[in-house]
Every structure is written in C-alpha cells, then in structure tokens.
Amino acid sequence: MKKILYLIIPALLLTTISGCGNNGCEEVRESFCYAQMTSLSGAKINQLYAFGIGQGGGAVDTAGVATDKEMLNASNPSSLEFILNPDSTVTDIRLQMNITLDGDQFQHDDTIHFVYEPHPFFINMDCGCSMYFSLKEVTHTNHFLRNITIKNNEVTNEQTLNIVIEY
C-alpha cells in the first residue's frame with residue numbers, strides 16, 4: 001500500500017502543478033486580424049487611432065446613435081491588430097491618421113469594411129473555444145489608403161499576416 005501511495009502522490013502533485021495558471025490553458029484564445037502597413041508615397045503615419053464603428057459597448061451619443069469604440073492607438077505603426085465583431089459578419093473600422101509628407105503634416109480618416117464568416121473553434125478542455133473568422137472581402141475608402149490585399153483569409157489565434165494596407 002505504501003508503494004502505491006509513493007507513486008500516486010507525486011502524480012497528483014504533478015497534475016495539480018501543471019494545471020495551475022490560466023486554468024492549464026497554454027493557447028491564446030483571442031483572434032486578431034493582423035495587418036502590415038506599407039507606404040507607397042514616402043508618407044509617414046505619426047499617429048494612428050482605430051475605432052470600431054458603432055461598437056461603443058452599448059454607449060450612445062445624445063442622438064441615440066451607437067458610439068465608436070477606440071480599438072487601438074499606435075505611434076509610427078508598421079503593423080496593426082484588428083478585432084472583428086464575433087456577433088456579426090461585418091465590421092467597420094475607422095482609421096484616423098496624423099501624417100507627415102514632404103515636411104507637411106495633415107490628418108486623414110479612412111474606413112475599412114471587413115466582410116467575414118465567424119466560426120467557433122474548440123481549442124481544448126482547458127482553453128475552451130475561440131472565435132475564428134474567414135475573411136470574404138476587405139474594402140476601404142480612398143482618402144489616404146490606396147490598396148488592401150488579403151494575404152491569408154483565415155483569422156485565427158496565431159499571429160499570421162492577414163492583410164497588407166498600402167498608403
């Protein structure tokens with residue numbers, strides 16, 4: 001009996017220790033659409049703000065319209081991470097950019113329109129589910145942005161490049 005206890009107790013301790021921290025979940029559950037920023041004109045984006053249009057977390061303005069939620073604030077961005085709305089098949093993101101070109105500074109706003117199919121993905125018992133997305137289409141306004149190309153339409157919890165934004 002003592003020999004069995006000597007075998008079981010270390011096994012139980014090892015199981016308890018390995019299950020600690022993050023409920024034993026080693027996977028990243030969040031899924032971001034990763035974007036690379038590329039300048040075609042020599043312009044430099046000094047500051048970029050991204051807002052999820054109509055995603056103010058239930059907040060409304062004085063007219064009762066859903067407010068935009070700030071998603072990120074980046075200085076001199078070369079890459080971005082966007083969060084897609086898991087409760088929809090579309091997400092609109094407004095980019096507000098402070099730009100320097102040929103010594104002049106100005107501000108431009110553009111909107112990126114994502115069309116996608118969300119689908120839950122079971123990771124494992126410890127991590128549960130994550131939401132993955134299949135990009136169908138990405139369009140944009142042309143105030144400052146020139147082109148957006150989908151490089152990988154599967155948005156998962158891995159940090160892989162999904163789109164390239166050229167300006």
request  = State, without any angle test, whether D110 and T141 hold a side-chain donor-acceptor pair at a distance under 3.5 Å.
outcome  = yes
task = State whether the side chain of T100 and the backbone N or O of G103 hold a donor-acceptor pair below 3.5 Å, judged by distance alone.
result = no
query = Which atom pair, heavy atoms only, marks the closest approach of C33 to V155?
reply = N-CG1, 3.8 Å
query = Can you say whether the rings of H108 and F144 are parallel (under 30°), tilted (30 to 60°) or perpendicular (over 60°)?
reply = parallel
query = Looking at residues at least two apart in the chain, or sitting in another chain, which of them share a side-chain contact (heavy atoms from CB on, under 4.5 Å) with L161?
reply = Q36, K151, V164
query = Are side-chain heavy atoms of F51 and I93 found at a separation under 4.5 Å?
reply = no
request  = Could you go through the side-chain contact (heavy atoms from CB on, under 4.5 Å) check for I99 and D104 one step at a time?
outcome  = CA-CA 8 Å; I99 301 155; D104 295 326; over 6 Å; no
query = Has the side chain of N85 got a donor or acceptor atom that lies under 3.5 Å from a matching backbone atom of T91?
reply = no
key: Which residues share a ring-ring contact (aromatic ring centres under 6.0 Å, His included) with Y49, sequence neighbours left out   = none
query = Should the ring pair Y132 and F121 be called parallel, tilted or perpendicular, given that the plane angle runs from 0 to 90° and is split at 30 and 60?
reply = parallel
query = Hey, mind stepping through N157 and I123 against side-chain contact (heavy atoms from CB on, under 4.5 Å) and telling me if it holds?
reply = CA-CA 10 Å; N157 62 345; I123 297 173; 3.9 Å; yes
ask   = So do Q107 and M97 actually touch side chain to side chain, heavy atoms under 4.5 Å?
value = no
query = Under the 3.5 angstrom rule, does the side chain of N162 hit a backbone N or O of N152 as a donor-acceptor pair?
reply = yes
request  = Carefully, step by step, assess L101 and F106 under the rule side-chain contact (heavy atoms from CB on, under 4.5 Å).
outcome  = CA-CA 8 Å; L101 178 61; F106 49 95; 3.8 Å; yes
query = Yes or no on side-chain contact (heavy atoms from CB on, under 4.5 Å) for F133 and T156, after CA distance, side-chain angles and deciding distance?
reply = CA-CA 7 Å; F133 306 91; T156 66; over 6 Å; no
ask   = Between L95 and L48, is any pair of side-chain heavy atoms under 4.5 Å apart?
value = yes
key: Side-chain donor-acceptor contact under 3.5 Å, T111 with D92   = no
ask   = Is there a side-chain contact between C127 and F122 (heavy atoms, below 4.5 Å)?
value = no
inquiry  = With heavy-atom distances below 4.5 Å as the criterion, would you say the side chains of N147 and Y167 are in contact?
reply    = no
task = List the atom of S88, the atom of P118, and the distance in Å for their closest heavy-atom pair.
result = O-CG, 3.4 Å
key: Note, V138 side chain near T149 side chain (heavy atom, < 4.5 Å)   = no
ask   = Nearest 0.5 Å, what's the CG-CG distance between L40 and L145?
value = 10.5 Å
note = When rounded to the nearest 0.5 Å, the distance separating NE2 of H140 from CD1 of I163 is 9.5 Å
ask   = Crowded around E166 CD? As in, over 12 foreign heavy atoms under 6.0 Å?
value = yes
ask   = Can you check whether Y116 reaches S134 side chain to side chain, under 4.5 Å on heavy atoms?
value = no
key: Pair R94 + D109, salt bridge at N-O below 4.0 Å   = yes
inquiry  = I need the C129 SG to N124 CG distance, nearest 0.5 Å.
reply    = 10.0 Å
remark   = Interatomic distance, CZ@R146 vs CD1@I148, rounded to 0.5 Å, equals 12.0 Å
task = Decide if atom CG of N142 counts as having more than 12 heavy atoms of other residues, nucleotides or ligands within a radius under 6.0 Å.
result = yes
Per-pair distances, 0.1 Å, donor-acceptor, side chain in residues 71-83, under 3.5 Å, sequence neighbours excluded:
residue: N73; atom: OD1; partner: Q47; partner atom: NE2; Å: 2.3
residue: S75; atom: OG; partner: Q47; partner atom: OE1; Å: 2.8

key: Nearest atoms (heavy-atom pairs only) where M131 meets P120   = SD-N, 3.5 Å
